[in-house]
Amino acid sequence: MDYLNALETDLNTVDTVIHSGNAMCDAILNSKISLAKAAKIPVKADAEIPVKLTVSDIDLCSIIGNLFDNAIEASKKLPEDKRMIRVYMAVRDSQFYISFTNFTADGKRTVFSTTKGEGHGLGLSRIDSLVKKYGGYISRNSEDGAFSTEILLPQ
């Protein structure tokens, strides 16, 4: 009961910023935007998500949640005036397109694996396995000062 009461309190403090058309995704997006806002990380988000997708709501929320968590974590390493996360989601032709971009303190990377140590960093492999499960495509790009992930999921 204590956990449920705490969860209800947390959900009541979440600002409803995104109205994408998909209630489950709205919940995770608005929750993560609130976490970013609390960490003083501006978020620019644009999401138009159909109510029904071929990917399950739980799998989609896992992808979005992991991408957002990684972006927030990377952003916290920057001075407040250098922080920003950009999220874009929409259906393009017969593909559901997800794009996350964030500024980072890291330089250009060519290998994308965890820097958190043993027992951590399962988010990237979870995202990869879910994209593969749905026959999708994932692209990660790192430049000095920025990191982006783009995902296409067939619809």
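Here the structure is a predicted model, which is why all the values come from computation and not from measurement.
- The two residues Ser75 and Asn102 have their closest heavy-atom pair at OG-CB, 4.1 Å.
- In this structure, CD1 on Ile63 lies 12.0 Å from CD1 on Ile28, to the nearest 0.5 angstrom.
- Across all non-hydrogen atoms, the minimal contact from Ile18 to Leu29 is CG2-CD1, 3.9 Å.
- At a threshold of 4.5 Å between side-chain heavy atoms, the hydrophobic network of Ile, Leu, Val, Met, Phe, Trp and Tyr places Leu67 and Tyr97 in two separate groups.
- Arg83 places no side-chain N or O within donor-acceptor distance of the main-chain N or O of Pro42, the cut-off being under 3.5 Å.
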Run the numbers on Met24 and Ile49 for side chain to side chain contact (heavy atoms under 4.5 Å, CB included), then give the verdict. CA-CA 10 Å; Met24 185 76 98; Ile49 306 169; over 6 Å; no
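- Note that CG of Asp57 and NZ of Lys52 are 7.5 Å apart. Values are rounded to the nearest 0.5 Å.
- For Gln155, the side-chain hydrogen bond (donor to acceptor under 3.5 Å, both in side chains) test picks out Thr54, with sequence neighbours left out.
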With a cut-off of 3.5 Å and sequence neighbours excluded, list every side-chain donor-acceptor pair involving residues 84-96.
unit_1	atom_1	unit_2	atom_2	d
Arg86	NH1	Lys44	O	3.2

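- In the hydrophobic cluster analysis, where Ile, Leu, Val, Met, Phe, Trp and Tyr join through side-chain heavy atoms closer than 4.5 angstrom, Ile98 is grouped together with Tyr134.
- Counted within 6.0 Å of CD on Glu80, heavy atoms from surrounding residues, nucleotides or ligands total more than 12; the atom is thus considered enclosed.
- Side-chain contact check for Val43 versus Lys37: every heavy-atom pair is 4.5 Å or farther apart.
- Residues satisfying the side-chain hydrogen bond (donor to acceptor under 3.5 Å, both in side chains) criterion with Ser56, sequence neighbours excluded, are Asp59.
- Cluster annotation: Ile41 and Phe68 are assigned to the same hydrophobic cluster (Ile/Leu/Val/Met/Phe/Trp/Tyr, side-chain heavy-atom contacts under 4.5 Å, transitive).
- Contact record, Pro154 with Gly136: CD-CA, 3.8 Å, taken as the closest heavy-atom pair.
- Hydrophobic clustering (side-chain heavy atoms under 4.5 Å, transitive across Ile, Leu, Val, Met, Phe, Trp, Tyr) keeps Leu78 apart from Phe147.
- Atom-to-atom distance recorded for Asp69:CG and Lys32:NZ is 3.5 Å, nearest 0.5 angstrom.
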Test side chain to side chain contact (heavy atoms under 4.5 Å, CB included) on Leu130 and Leu153; report intermediate values, then the result. CA-CA 10 Å; Leu130 289 171; Leu153 297 169; over 6 Å; no
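- Taking each heavy atom of Glu150 and Ser99 in turn, the nearest pair found is CG-OG, 4.2 Å.
- In this structure the side chain of Phe100 reaches within 4.5 angstrom of the side chain of Ile64, judged on heavy atoms.
- Taking each heavy atom of Gly123 and Asn66 in turn, the nearest pair found is CA-OD1, 3.4 Å.
- Remark: the backbone N or O of Asn30 is paired with a side-chain donor or acceptor of Ser34 at under 3.5 angstrom.
- The shortest heavy-atom contact between Asp26 and Gly21 is OD2-N, 4.0 Å.
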